[in-house]
Amino acid sequence: MTSEPLTTIDHWISGARVPGVSGRTAPVHDPATGRRTGEVALASVAEVDAAVKTAVDAGREWRTSSLSRRAAVLFAFRELLHTRTDELAAIVTAEHGKVLSDAVGEIARGLENVEFATGVPQLLKGGFSEQAASGVDVYSIRQPLGVVAGITPFNFPVMVPLWMCANAIACGNAFVLKPSEKDPSASLFLAELWKEAGLPDGVFTVVHGDKEAVDALLDHDDVAALSFVGSTPIARYIYERGTANGKRVQALGGAKNHALVLPDADIDMAADAIVSAAYGAAGERCMALSVAVAVGDVGDDLVSAISSRLPKLTVGPGAAEGTDMGPLITREHRDKVAGYVAAGAEAGATVVVDGREQDVPEDGFFLGMTLLDDVTPDMTVYRDEIFGPVLSVVRVATYDEGLALINANQYANGTAIFTRDGGAARRFQNEVEVGMVGINVPIPVPVAYYSFGGWKDSLFGDTHMYGPEGINFFTRGKVVTQRWPDPATSSVDLGFPRTR
Ligand code: NAD
């Protein structure tokens, strides 16, 4: 049997693929087969430095481009992404493992951000106050930062880079992407589309790498800002090191998202939503619902509604017709998630459905869906972000007990309430200490004209990602106060300028 050749995944610098020269690479796998399919270059400090230098030069030019030219490039990029979605989705599925429809969905949600950024002429409008003082006008403008970097996780290899780069580039910056080394190929496809859309070389750069490349970006004098999405320990590290170096940083971290199910909820609606949000993309979503909090006597009905849905779902390769859930990203991660299921059982949780015992393809990094009942807050399955197809049900007596549980959690990315009671939902929206809230909506990822971000250990920094806050993050404000010689009123006044 002949084995297929390995793909070499290069950097993208100055509008072209550039092979790595550090001598270090990392393996890339097809999680559905377990086969090693590629080798991604890992950049050295010197390679990152060279890439950033080209971005500096390109950014100097790009910031002078007219807003209409930038919008034209974004429109062209949007069209290309739209027409080539299926090709890109196939690349995502081949390295990430998620089912094709889910990969298409991630591209669609990323595309929204490109569409938002096409409105850059409107988004960058400042304010203007004529006659703020006698003969004096005041106006505000927003200017690009220069070179900005994005460091992204494996679970959304298209959407998360698009959260960042569309706005960053629209605002006149040069953008350097350091994608996840686990599924790096989608970033090169995006780079090619940017080029085809007419973006000048060097404005969008990709450097692949691990900690060495990330640290080089964090320490580089010419990188003005870093946008990060990934796990909480790394987000905290990025924020601390980046800000210590005087950079603007937004670092989004991990999550443990709760669904609060009240006794009056429509159980079928809640169960459908919770199953989709817990097991979609094999639970590898930062907005996955990993805890269902059953209030009052709703627990038995909820557990039975959820467990009855699981046997109807098919686990298999993401590219295969009819698959509902694909594999996990790596063998190690699959084993770690299976270890959490074992730990939950050992700690006294009731294993209603055991993903380890389901019939899944032998090759590849597959694990079935697990449903744990009677989980308590002291168990590791509750405390840790598992990032796999494991749903824990915690039973509480009252709404207040459920709310207190959610508010005590270190993570605060997303949450959802299921109820028919508008007053209860409104109270929850007001009282819950979480950044994104769904009311009978399981994965409340805001549309692109709002901004995305959690609270507490789910976000380090002051600005949320994309939308209006993204425009602010990628620009610096400046206020200009102007007076022009007026032959009619010429005089000398040494007093401090006053507005009245
Ligand atoms: P990760 O933190 O392991 O990696 C994220 C990025 O950081 C990658 O580019 C990686 O190369 C880099 N990195 C890893 N270790 C590093 C180190 N020691 N020093 C410097 N850089 C390092 O995350 P992941 O496993 O790729 O992604 C899953 C995590 O991302 C989950 O915790 C998930 O909740 C989180 N996530 C959060 C959001 C959000 O919006 N809050 C969105 C998607 C994913």
Side-chain angles (χ1 to χ4, degrees), residues 24 26 28 31 40-43 45 48 95-98 106 109-110 113 149-164 176-184 186-187 206-219 226-242 249-257 281-290 328-330 332-334 336-337 384-388 409-415 434-436 443-446 451-461 463-467 469-470:
R24 292 199 311 128
V28 176
V40 60
L42 299 176
V45 175
V48 170
E95 289 184 356
H96 176 285
K98 64 176 74 175
E106 117 159 60
R109 293 308 305 265
N113 292 272
I151 299 157
T152 53
F154 80 83
N155 66 326
F156 286 110
V158 173
M159 183 181 77
V160 171
L162 291 178
W163 282 0
M164 304 169 179
V176 178
L177 175 64
K178 205 304 285 171
S180 170
E181 62 276 39
K182 293 183 185 127
D183 47 11
S187 64
V206 179
V207 281
H208 295 291
D210 53 9
K211 181 170 166 51
E212 182 171 341
V214 172
D215 286 349
L217 289 168
L218 283 167
D219 295 342
L226 286 123
S227 212
F228 172 88
V229 176
S231 59
T232 287
I234 311 296
R236 184 182 280 116
Y237 166 75
I238 299 279
Y239 183 76
E240 286 172 357
R241 186 152 170 174
V249 181
Q250 55 178 181
L252 276 60
K256 193 82 185 176
N257 305 309
E284 290 174 329
R285 291 185 185 134
C286 63
M287 290 291 269
L289 284 176
S290 47
L328 291 157
I329 186 71
T330 59
E332 297 70 41
H333 187 55
R334 192 266 317 270
K336 189 173 167 196
V337 175
D384 295 357
E385 180 187 41
I386 298 175
F387 223 55
N409 200 277
Q410 73 173 111
Y411 298 111
N413 214 38
T415 187
V434 172
M436 291 169 284
I443 308 180
V445 175
S451 297
F452 180 110
W455 291 9
K456 301 186 196 164
D457 284 357
S458 293
L459 186 145
F460 302 88
T463 28
H464 289 193
M465 188 92 39
Y466 69 74
E469 296 201 35

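Whatever order the structure lists them in is the order used to number ligands and atoms, beginning at 1.
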Residue [X] vicinity, atoms of ligand 1 by number, heavy atom under 4.0 Å:
X      : result
Glu181 : 10 (C), 11 (O)
Phe452 : 39 (C), 40 (O)
Val214 : 20 (C), 21 (N)
Ile151 : 6 (C), 7 (O), 9 (O)
Glu385 : 31 (C), 32 (O), 33 (C), 34 (O)
Lys178 : 8 (C), 9 (O), 10 (C), 11 (O)
Trp163 : 40 (O)
Asn155 : 43 (C), 44 (C)

May I ask which of [options] has a heavy atom nearer to [atom] than the others do?
atom                    : options                        : answer
atom 5 (C) of ligand 1  : Val229, Asn413, Ile234, Ile238 : Val229
atom 35 (C) of ligand 1 : Ala213, Gly230, Gly254, Cys286 : Gly230
atom 1 (P) of ligand 1  : Ser231, Ala235, Ser458         : Ser231
atom 41 (N) of ligand 1 : Gly253, Gly435, Pro179, Gly454 : Gly253

Point to revise | Option from Leu218, Ile234, Val160 for which side-chain contact (heavy atoms from CB on, under 4.5 Å) with Phe228 holds | key: Ile234
Looking only at the side chains, is there a donor atom on one of [X] and [Y] sitting less than 3.5 Å from an acceptor on the other?
X      : Y      : result
Gln410 : Asp457 : yes
Tyr237 : Asp215 : yes
Gln250 : Ser227 : yes

Review point. Does any N or O in the side chain of Ser451 come within less than 3.5 Å of the main-chain N or O of Tyr466, such that one atom is a donor and the other an acceptor?
Key: yes
Check your understanding: When you measure from the side chain of Lys98 to the backbone N and O of Asn155, does any donor-acceptor pair fall under 3.5 Å?
Key -> yes
Study note, to complete from the structure: In this structure, atom 9 (O) of ligand 1 is nearest to the protein heavy atom Thr152 O, 2.8 Å
